[in-house]
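For reference, the structure is listed below as structure tokens.
This structure is a prediction, so every number in the text was calculated from the model and none was measured. Letters A, B, ... are given to chains in the order of the sequence lines, protein chains preceding strands, and every chain is numbered from 1.
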Number of protein chains: 2
Amino acid sequence: MDKQLKRMATMQRIQTTGLEIFYQKGYHNTSIDDILKELSLSKGAFYYHFQSKEEFFISIVQNLLFRKVYSSLIEPIEGEEDPLNKIAACFDNALETAEHNFLDYGFVLSNFITEFNGKNPDIMNYLQDILKVWEVNLVTALQKGKTDGYVNRHVDSEAVATYLISSYIGIRTLMVEGNGKMLRYNYIQQLRHYFKLIEHKEPA
Amino acid sequence: MDKQLKRMATMQRIQTTGLEIFYQKGYHNTSIDDILKELSLSKGAFYYHFQSKEEFFISIVQNLLFRKVYSSLIEPIEGEEDPLNKIAACFDNALETAEHNFLDYGFVLSNFITEFNGKNPDIMNYLQDILKVWEVNLVTALQKGKTDGYVNRHVDSEAVATYLISSYIGIRTLMVEGNGKMLRYNYIQQLRHYFKLIEHKEPA
DNA sequence: AGGGTAACAGACTTATAGGTCTGTTTATAG
DNA sequence: CTATAAACAGACCTATAAGTCTGTTACCCT
């Protein structure tokens with residue numbers, strides 16, 4: 001009984017620091033030993049729990065990465081009214097977290113997408129699934145915003161979602177260079193500016 | 001006399017296919033042998049011309065990468081009137097090129113920034129220099145647009161530039177997943193939408 | 001024409017990284 | 001308490017990749 005728990009605990013431990021180091025150094029630039037060293041674990045332990053480096057990474061994507069993106073970028077918007085303000089607040093919040101990281105490595109998801117594109121279609125699918133969920137959720141929120149009178153009925157929800165995701169991925173990529181505060185401020189300013197165009201306007 | 005030319009030609013050859021493969025597979029995932037194999041050249045040739053893999057990569061960044069970004073994203077806007085339309089056309093053009101690549105690997109510059117962030121400050125500087133040139137050029141174009149009566153005087157040029165670069169980096173990252181046509185269409189649509197807000201409005 | 005050097009070939013060295021395998025510890029069941 | 005299997009340790013194997021070094025070819029200069 002307790003064995004199962006211990007097993008899960010160890011796997012979680014390895015996955016957690018695995019994601020951390022993969023995020024910092026990239027998949028190809030990280031060795032299994034790098035992760036094991038951090039945990040003071042042995043090769044035997046690792047390969048007892050995971051079949052290979054690739055299978056290990058996929059398990060991280062499905063478990064930790066998805067939840068990470070979901071809790072920070074999807075859940076805060078889901079089901080809420082006034083989607084535009086919610087999205088802006090959610091993005092601002094996520095960027096604030098990034099800004100206060102001493103050394104920021106960008107948006108985890110897009111980093112991996114960049115790294116695996118054209119190299120590993122299998123992993124790419126798992127990563128793009130997360131993107132899809134995000135996009136669908138944004139579109140749903142925008143559509144709901146229309147019926148609730150927050151979003152102009154003439155806007156193309158899918159196009160807006162694409163544009164939002166693009167800009168977010170981009171600003172997170174730019175923020176790695178350091179002056180995150182300025183970038184965040186400018187970005188949110190323009191985002192809110194952009195939202196003025198697509199929000200519902202009361203007929204005068 | 002001719003020696004010098006031959007030297008330059010060979011170096012160019014190695015650099016060109018080097019950039020190609022680094023772009024496709026990433027820096028850490030490409031070996032010198034991968035490049036040499038493509039060229040049917042030997043280790044001796046490579047290390048005769050370049051000191052190390054890193055120095056080789058930096059030479060590529062300074063020579064080829066800068067020119068690539070410059071000619072496709074900076075030069076078409078430089079000095080032109082009506083900056084907003086020019087920028088939209090320029091972006092659309094760049095995205096069209098990407099769209100028609102059978103297998104797209106994203107925006108070269110941001111790919112490398114993602115890969116080297118936190119790992120090699122030296123290389124990062126060279127990469128960010130290119131970004132800086134791009135940003136400065138966009139800001140200049142927007143400012144000029146103000147005096148020429150194309151851009152609203154109240155817009156924050158630097159914030160707009162940041163926003164533009166972000167969205168472009170993001171859309172290029174997204175386009176790797178395949179349906180580039182739809183993404184490009186949606187993106188440009190929203191971009192032009194956004195531009196309506198910051199363009200100069202004639203007082204009624 | 002031939003000596004000398006630039007340009008290149010390719011075997012070799014060394015380090016690292018993914019993965020295997022055998023042995024040892026630990027914990028639970030009977 | 002002990003047999004047994006899970007959980008882990010760590011030496012080992014093998015492949016690859018960066019970089020070195022010696023030898024060879026090609027071209028220029030006098």
Side-chain angles (χ1 to χ4, degrees), chain A residues 1-61 63 112 115-116 118-120 122-123, chain B residues 1-61 63 112 115-116 118-120 122-123:
Chain A
M1 285 297 149
D2 211 48
K3 283 275 179 68
Q4 192 71 4
L5 279 178
K6 184 170 173 59
R7 180 182 175 82
M8 295 290 279
T10 308
M11 288 178 76
Q12 276 282 336
R13 244 166 54 87
I14 303 180
Q15 286 172 327
T16 304
T17 62
L19 175 56
E20 233 170 82
I21 302 183
F22 280 141
Y23 171 52
Q24 286 173 27
K25 311 188 23 166
Y27 177 83
H28 294 98
N29 197 32
T30 322
S31 66
I32 301 298
D33 283 317
D34 286 338
I35 300 165
L36 264 23
K37 198 175 169 187
E38 190 74 21
L39 292 162
S40 301
L41 271 176
S42 68
K43 277 261 173 75
F46 180 85
Y47 282 96
Y48 176 76
H49 291 290
F50 303 99
Q51 291 175 26
S52 67
K53 187 184 179 185
E54 183 172 328
E55 185 262 354
F56 170 60
F57 184 76
I58 292 175
S59 79
I60 289 180
V61 172
N63 289 201
F112 289 140
E115 184 167 4
F116 285 106
K119 288 151 222 162
N120 193 316
D122 200 12
I123 292 182
Chain B
M1 284 297 147
D2 212 47
K3 283 275 179 70
Q4 192 72 3
L5 279 179
K6 184 170 174 57
R7 180 183 175 81
M8 296 290 279
T10 308
M11 288 178 76
Q12 276 282 338
R13 245 165 53 86
I14 304 180
Q15 287 171 327
T16 303
T17 62
L19 175 56
E20 233 170 81
I21 303 183
F22 280 141
Y23 170 53
Q24 286 173 25
K25 310 189 21 166
Y27 177 82
H28 294 98
N29 198 32
T30 14
S31 65
I32 301 298
D33 284 317
D34 287 337
I35 300 165
L36 264 24
K37 198 175 170 187
E38 190 74 22
L39 292 162
S40 301
L41 270 176
S42 68
K43 276 263 172 74
F46 180 85
Y47 282 97
Y48 176 76
H49 291 289
F50 304 99
Q51 292 175 26
S52 67
K53 186 184 180 185
E54 182 172 328
E55 185 260 354
F56 170 59
F57 184 77
I58 292 175
S59 81
I60 289 180
V61 172
N63 289 199
F112 289 140
E115 185 167 4
F116 286 105
K119 288 151 224 164
N120 194 316
D122 199 12
I123 292 182

Grab the CD-P distance between B:E54 and D:dA17 for me, whole Å please.
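That distance rounds to 18 Å.
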With B:S59, the side chain to side chain donor-acceptor pair (under 3.5 Å) member among B:Q15, B:E54, B:H49, B:Q51
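It is B:Q15, the one option of B:Q15, B:E54, B:H49, B:Q51 that forms the side chain to side chain donor-acceptor pair (under 3.5 Å) with B:S59.
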Which residues in residues 16-39 of chain A have a heavy atom closer than 4.0 Å to any atom of DNA chain D?
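The answer is none.
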Which nucleotide in the list [options] gets nearest to the side chain of [X]?
| X | options | answer |
| --- | --- | --- |
| A:S52 | D:dG19, C:dG19, D:dC8 | C:dG19 |
| A:K53 | C:dA7, C:dG18, D:dC8 | C:dG18 |
| A:A45 | D:dA9, C:dA7, C:dG19 | D:dA9 |
| A:Y47 | C:dC8, D:dA6, C:dG19 | C:dG19 |

Taking only side-chain nitrogens and oxygens of A:R7, does any of them come within less than 4.0 Å of OP1 or OP2 of D:dA7?
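It does, given that an N or O in the side chain of A:R7 lies less than 4.0 Å from OP1 or OP2 of D:dA7.
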Does the cation-pi check pass for B:K53 over B:F22, that is, NZ or CZ under 6.0 Å from the six-membered ring centre and within 45° of its axis?
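No cation-pi geometry.
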Results of side-chain hydrogen bond (donor to acceptor under 3.5 Å, both in side chains) for B:T17 - residues two or more places apart only
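Applying side-chain hydrogen bond (donor to acceptor under 3.5 Å, both in side chains) to B:T17 gives none.
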Can you say whether the rings of A:H28 and A:F116 are parallel (under 30°), tilted (30 to 60°) or perpendicular (over 60°)?
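Rings of A:H28 and A:F116: tilted, as their planes differ by 30° to 60°.
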hbond_proxy A:K43 side chain to C:dG19 base (donor-acceptor, 3.5 Å cutoff)
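Between C:dG19 and A:K43, which were checked side chain against base, a qualifying N/O pair under 3.5 Å is present.
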